[in-house]
There are 2 protein chains.
Amino acid sequence: MDVSGKQRPTMADVAEKAGVSRALVSIVFRDQPGASQETRERVLRVADEIGYRPDNAARLLARGRSRTLGVMFTAHHTFHADLLEGIYGEAERLGYDVLLSATAPGRGESKAVESLLGHRCEAVILLGTDAAAADLDALGRRTVAVAVGRRVPGARLDSVHSAESKGIRQAMDHLVELGHHRIVHIDGGRGPGSAERRRAYRAAMRRAGLESELRVIPGDHTELSGIEAGRLLLAERDSGGRLPTAVLAGNDRCAMGLLLALTRAGVEVPRDMSVVGYDDSHLSHLMPIGLTTVRQDAVLMAEHAVRFAVERLDDEELEPREAVLEPKLVVRGTSGPAPEAAAG
Amino acid sequence: MDVSGKQRPTMADVAEKAGVSRALVSIVFRDQPGASQETRERVLRVADEIGYRPDNAARLLARGRSRTLGVMFTAHHTFHADLLEGIYGEAERLGYDVLLSATAPGRGESKAVESLLGHRCEAVILLGTDAAAADLDALGRRTVAVAVGRRVPGARLDSVHSAESKGIRQAMDHLVELGHHRIVHIDGGRGPGSAERRRAYRAAMRRAGLESELRVIPGDHTELSGIEAGRLLLAERDSGGRLPTAVLAGNDRCAMGLLLALTRAGVEVPRDMSVVGYDDSHLSHLMPIGLTTVRQDAVLMAEHAVRFAVERLDDEELEPREAVLEPKLVVRGTSGPAPEAAAG
DNA sequence: GCGCTCTACTAGCGCGCTCTAGGCGAGTAC
DNA sequence: GTACTCGCCTAGAGCGCGCTAGTAGAGCGC
């Protein structure tokens, strides 16, 4: 009866077995008016019996709309994982399905996006893209796109990011107030938001009259870059230099790596050095004394991104919009008074 | 000309503009024989001009097969991120597309799987599922499914996992050889592989004549559980107890959390305590002195999983198979001689 | 001339669904 | 009676593609 291979049952099978037309089955499954309660129940029962499930591909095709959002993310970024949770929630609320596509070594952003578009996503949400602005502009013209965590001035797409400069300014004010002078920044290379953070760091150093101490160590938003920066600083100390009293990391992952390198080498945080991260990803809460970091509300960002996408789907003519969320410094245990200040 | 909304161009548009039939365009895009080189180039050029891209939904529908694998994973698991990379690679090699669906708070495994199936994935690969064996069996009967990182004896699906007991045995042998007696295991609750690891730990302790020291602290494969276990141990020490000399963590994330808790509290690893992880995820390489861990080759596991899925798609009648990969202890910096042994 | 093969191409059905247009019977109004 | 509505249901076109069957034309042998 049923053993004839794993042939998916179709609407026609349900219709036949329930003694109604295909159209009626369709109505029932779309939960639309036009069928009696009795028939509805019978159809659903039969469908369940023969294991029928609507075929999305056919559905999309027939409907013309897929009500599916594509999300590009990077597998190893914990902050992206935080964002994903928010995206799933908001998308479900708005009646959209979500498809994921990861970037990974050997699988660049364009491949990931192509895959999504090929699966008929109506819009793509890019988490932390580092594509050229021109490419993003082109993408935005071809389809509905939203960039998260990154400003893309002039490009034809919506973006959601936090006011990087404000976040950095808060962090820097915090450190300066604690008496820090030698404040080093490990940056995020061409990662999303890095340019703004770097700029804000420089500005803050100047404003505090610390231009002479200004120093940016190149990094890339991974634990490894934090570890390497840590090693670099420790090596400098060992060859007679002085450690900075505070480090402003490019993000939490980087801060995490740095902390590991430091604690391993016996540098106590925050007694000997303060460390501030950026993101407030899952990691930051986890640490025993907590990472002082600049909070970007992942859920809020995610919700904005989804809403932008959906609103633009409803009205293609919308001008590109930009949501700039207020970041907020969260002081936890990794920042404290500067050693000099404490010593005298 | 082109401004008429964001209407996706179809094959017919390309055909018309190139002055050929739809079928020919189809041939060109499927890279099939039956078109002259000249025509091929013209069609591709035209397609590029008007921004045509094949519509997957229609494609699947017409073809009957989607050649798409669905992967369920958990957003915050770094080991899953490692697996994903391998999956993408192997799937591409075999000509399959990959669709991702994450589990997250508020989005259980069944939801994630339904989403994949709804998008016409031919097979689903479950990374670290903790679903009941009966559910997995049902899933395996309904579609082609592969469970990664978990044994599912008796269920109608393929599985790929490592020989947990061997891995644990190697780790335990290593610790015992180093003179450790008080070896505690933080387990992974009902997480994949946990039961086997727990059992193997117990067996190893017994074999080493250390039943009296046997102790399992409940955990759940997250950093947090490592931190909490760390706090617990430290609290016990502070109220007069003794720290274990070694901890066998449920996975790397847990080991990571534990290390953070320990180093924060001034417990030096491996001088005061040895820590061994499980997975050899990205994290483990990153740490300055490196985490001693049991290596599960993510890429290899991923490749097996993809191949199992594809092979079963080609031959539905295959008996359920199980790939058991040899794990391998990787000794890095977090394990060393037991304190007592070193002291005397 | 015929039949044959080979290459380059096309017509048109069908995948499983949505959705518009409409049918049918019963009720309600006049 | 006609005219209209309303609730429940169906016929059938079409979504964008893949694919089978077939055609047109060139070349070649006899």
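Just so you know, these numbers use all the heavy atoms, side chains as well, and skip hydrogens, waters and symmetry mates. Residue numbers begin at 1 in each chain, while the letters A, B, ... track the order of the sequences.
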Once the angle between the rings of A:F73 and B:F73 is folded into 0 to 90°, is it parallel (under 30°), tilted (30 to 60°) or perpendicular (over 60°)? parallel
What nucleic acid atoms does A:G64 come within less than 4.0 Å of, heavy atoms only: base, sugar-phosphate, or nothing? nothing
Report yes if a side-chain nitrogen or oxygen of B:S36 is closer than 4.0 Å to either non-bridging phosphate oxygen (OP1 or OP2) of C:dC9; otherwise report no. yes
Any side-chain N or O of B:T39 less than 4.0 Å from the OP1 or OP2 oxygen of C:dC9? yes
Determine whether the side chains of [X] and [Y] contain a donor N or O and an acceptor N or O closer than 3.5 Å.
| X | Y | answer |
| --- | --- | --- |
| B:S101 | B:R107 | yes |
| B:Q296 | B:H161 | no |
| A:S26 | A:R30 | yes |

Would you mind reading off the bend of the helix from C:dG1-D:dC30 to C:dC30-D:dG1 from its two end axes, five pairs each, to 10 degrees? 60°
Taking only residues two or more places apart in sequence or in another chain, which ones pass salt bridge (charged side-chain N to carboxylate O under 4.0 Å, His left out) with B:E311? B:R321
Integer-rounded Å distance: [N] [atom2] and [X] [atom1]:
| X | N | atom1 | atom2 | answer |
| --- | --- | --- | --- | --- |
| A:L24 | C:dT18 | CG | P | 13 Å |
| A:R42 | D:dC8 | CZ | C1' | 12 Å |
| B:H119 | C:dG16 | NE2 | P | 18 Å |

Electrostatic pair B:K111-B:E114, nearest N-O below 4.0 angstrom: no
Any carboxylate oxygen within less than 4.0 angstrom of a Lys/Arg side-chain nitrogen, looking at B:R67 and B:E122? no
At under 4.0 Å between heavy atoms, which parts of nucleotides 16-22 of chain D does protein reach? Answer with one letter per nucleotide, 5' to 3': B base, S sugar-phosphate only, - none. BBBB---
Can you see which heavy atom on B:H119 is nearest to which on A:D97, and at what distance? NE2-OD2, 2.8 Å
